[in-house]
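Residue numbers count from 1 along this sequence. Source: prediction; values computed, not measured.
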Amino acid sequence: SSLDEQGGQWDFILLSLQWEAGEDGQALYQMHSGAQPPNSKIVGMIANHGRGFHLPDLKSEEDSAEFYNNILSRHQDLSVHMAVEKFLHDRALANIYRSIPAIQHAFKVVANHEPPFDHDAQERNGNTLKAMKNGQVRYELQVDNEHRASFRAFNDDGGMNCEIRLIDGHAGKRCEYLKVFFNHQLVLEKQNVMC
């Protein structure tokens with residue numbers, strides 16, 4: 001809407017995600033080169049009203065990256081902007097951190113439980129984060145490329161506190177399974193619950 005307030009003289013807005021951007025946040029800027037930002041992926045495009053005739057013909061063998069690069073290469077002829085969702089961390093770690101509020105929400109809604117996320121150290125291996133408190137594992141969290149989060153947390157005595165497998169779906173998040181433990185005993189188990 002800020003572009004429309006400036007007279008609406010824009011042609012295309014490319015929508016992208018950028019990892020290792022030095023900050024979390026959003027940005028909107030005009031492209032002054034045909035280069036895509038580093039560590040980024042264009043995921044969509046918005047065309048202003050009446051600008052569709054500027055779009056190149058899409059060939060069946062052409063992928064979306066070629067299509068977007070064609071638009072980027074016309075930055076001098078057209079008013080091309082980039083709308084970016086920026087992430088401080090790399091892609092895998094950003095997915096891990098962004099899954100934590102969904103996990104907290106699922107435990108609250110489904111089990112009225114607060115999993116322990118407090119820790120004083122952490123280590124990461126690929127798409128898995130292991131957090132420690134006083135030298136003991138506090139929780140482990142893994143998020144795969146399909147945004148399925150597997151989480152398990154431990155009490156101060158090393159016993160299981162809770163675990164969950166949370167999956168993104170078309171209708172929202174789904175708990176494939178959710179378990180809560182007390183005094184080394186399973187006290188609540190739910191399966192295939194929307195949250």
Quick check: does any side chain N or O of [X] sit under 3.5 Å from a backbone N or O of [Y], one acting as donor and the other as acceptor?
X	Y	answer
N183	Q185	no
N161	A153	no
N70	E66	no

Can [Y] be reached from [X] by stepping across I, L, V, M, F, W or Y side chains whose heavy atoms are under 4.5 Å apart?
X	Y	value
L93	L88	no
L178	M194	no
L141	Y97	yes
L72	M45	yes
V193	V187	yes

How about [atom1] on [X], more than 12 heavy atoms from neighbouring residues, nucleotides or ligands closer than 6.0 Å, or not?
X	atom1	value
D77	CG	yes
E189	CD	yes
Y177	OH	yes

Atom pairs and distances, donor-acceptor, side-chain atoms in residues 127-136, under 3.5 Å, two or more places apart:
| residue | atom | partner | partner atom | Å |
| --- | --- | --- | --- | --- |
| N127 | ND2 | V143 | O | 3.1 |
| T128 | OG1 | Q142 | NE2 | 3.2 |
| K133 | NZ | D118 | OD2 | 2.7 |

- Message: Enumerate the ring-ring contact (aromatic ring centres under 6.0 Å, His included) contacts for residues 29-52, please, sequence neighbours excluded, ordered by first and then second residue.
- Response: none

- Note on the structure: ring-ring contact (aromatic ring centres under 6.0 Å, His included) pairs touching residues 122-159, sequence neighbours excluded, are F117-Y139, F117-F151, H119-Y139, Y139-F151

- Apply side chain to side chain contact (heavy atoms under 4.5 Å, CB included) to the pair L78 and H75, showing each step before the final yes or no. CA-CA 5 Å; L78 303 171; H75 69 279; over 6 Å; no

- Query: side chain to side chain donor-acceptor pair (under 3.5 Å) with S16: which residues, sequence neighbours excluded?
  - Reply: none

- Query: Can you name the residues that form a side chain to side chain donor-acceptor pair (under 3.5 Å) with K179, not counting sequence neighbours?
  - Reply: none

- Any pair counted as salt bridge (charged side-chain N to carboxylate O under 4.0 Å, His left out), so long as it reaches residues 33-44, sequence neighbours left out: none

- Sort and list the pairs that fulfil salt bridge (charged side-chain N to carboxylate O under 4.0 Å, His left out) and have at least one residue in residues 11-28, not counting sequence neighbours. D11-R51, E23-K86

- Query: What pairs with R98 under side-chain contact (heavy atoms from CB on, under 4.5 Å), at least two apart in sequence or on another chain?
  - Reply: E85, F87

- Note on the structure: The side-chain contact (heavy atoms from CB on, under 4.5 Å) partners of A83 (sequence neighbours excluded) come to I13, L15, L28

Flag side-chain contact, heavy atom, 4.5 Å: [X] against [Y]:
X	Y	answer
L17	V84	no
L166	S99	no
C162	H113	yes
R148	S150	no
C175	K190	no
Q18	P38	yes

- Query: CD1 of I46 to CG of L14: how many Å apart, nearest 0.5 Å?
  - Reply: 9.5 Å

- Message: Nearest 0.5 angstrom please: R174 CZ to Q191 CD, how far?
- Response: 10.5 Å

- Message: Run the side chain to side chain contact (heavy atoms under 4.5 Å, CB included) test on M82 and I42 for me, step by step, so that the C-alpha distance in whole Å, both residues' side-chain angles and the decisive distance to 0.1 Å come before the verdict.
- Response: CA-CA 9 Å; M82 184 74 71; I42 298 175; 4.2 Å; yes

- Can you name the salt bridge (charged side-chain N to carboxylate O under 4.0 Å, His left out) partners of D157, sequence neighbours left out? none

- Task: Please list, chain by chain and in numerical order, all residues satisfying salt bridge (charged side-chain N to carboxylate O under 4.0 Å, His left out) with R124, sequence neighbours excluded.
- Result: D90

- What do the steps show when you test N69 against Q36 for side chain to side chain contact (heavy atoms under 4.5 Å, CB included), and what is the final call? CA-CA 8 Å; N69 284 334; Q36 191 173 324; 4.0 Å; yes

Side-chain polar contacts of residues 102-111 - donor-acceptor pairs under 3.5 angstrom, sequence neighbours left out - could you list them?
| residue | atom | partner | partner atom | Å |
| --- | --- | --- | --- | --- |
| K108 | NZ | N112 | OD1 | 3.2 |

Taking all heavy atoms of [X] and all of [Y], pick out the closest pair and write down the distance.
X	Y	answer
I71	V80	O-CG2, 3.9 Å
S79	W10	OG-CA, 3.5 Å
D144	E146	OD1-N, 2.9 Å
F181	M160	CB-O, 3.2 Å

- Is a salt bridge present between R138 and D120, judged by a nitrogen-to-oxygen distance below 4.0 Å? no

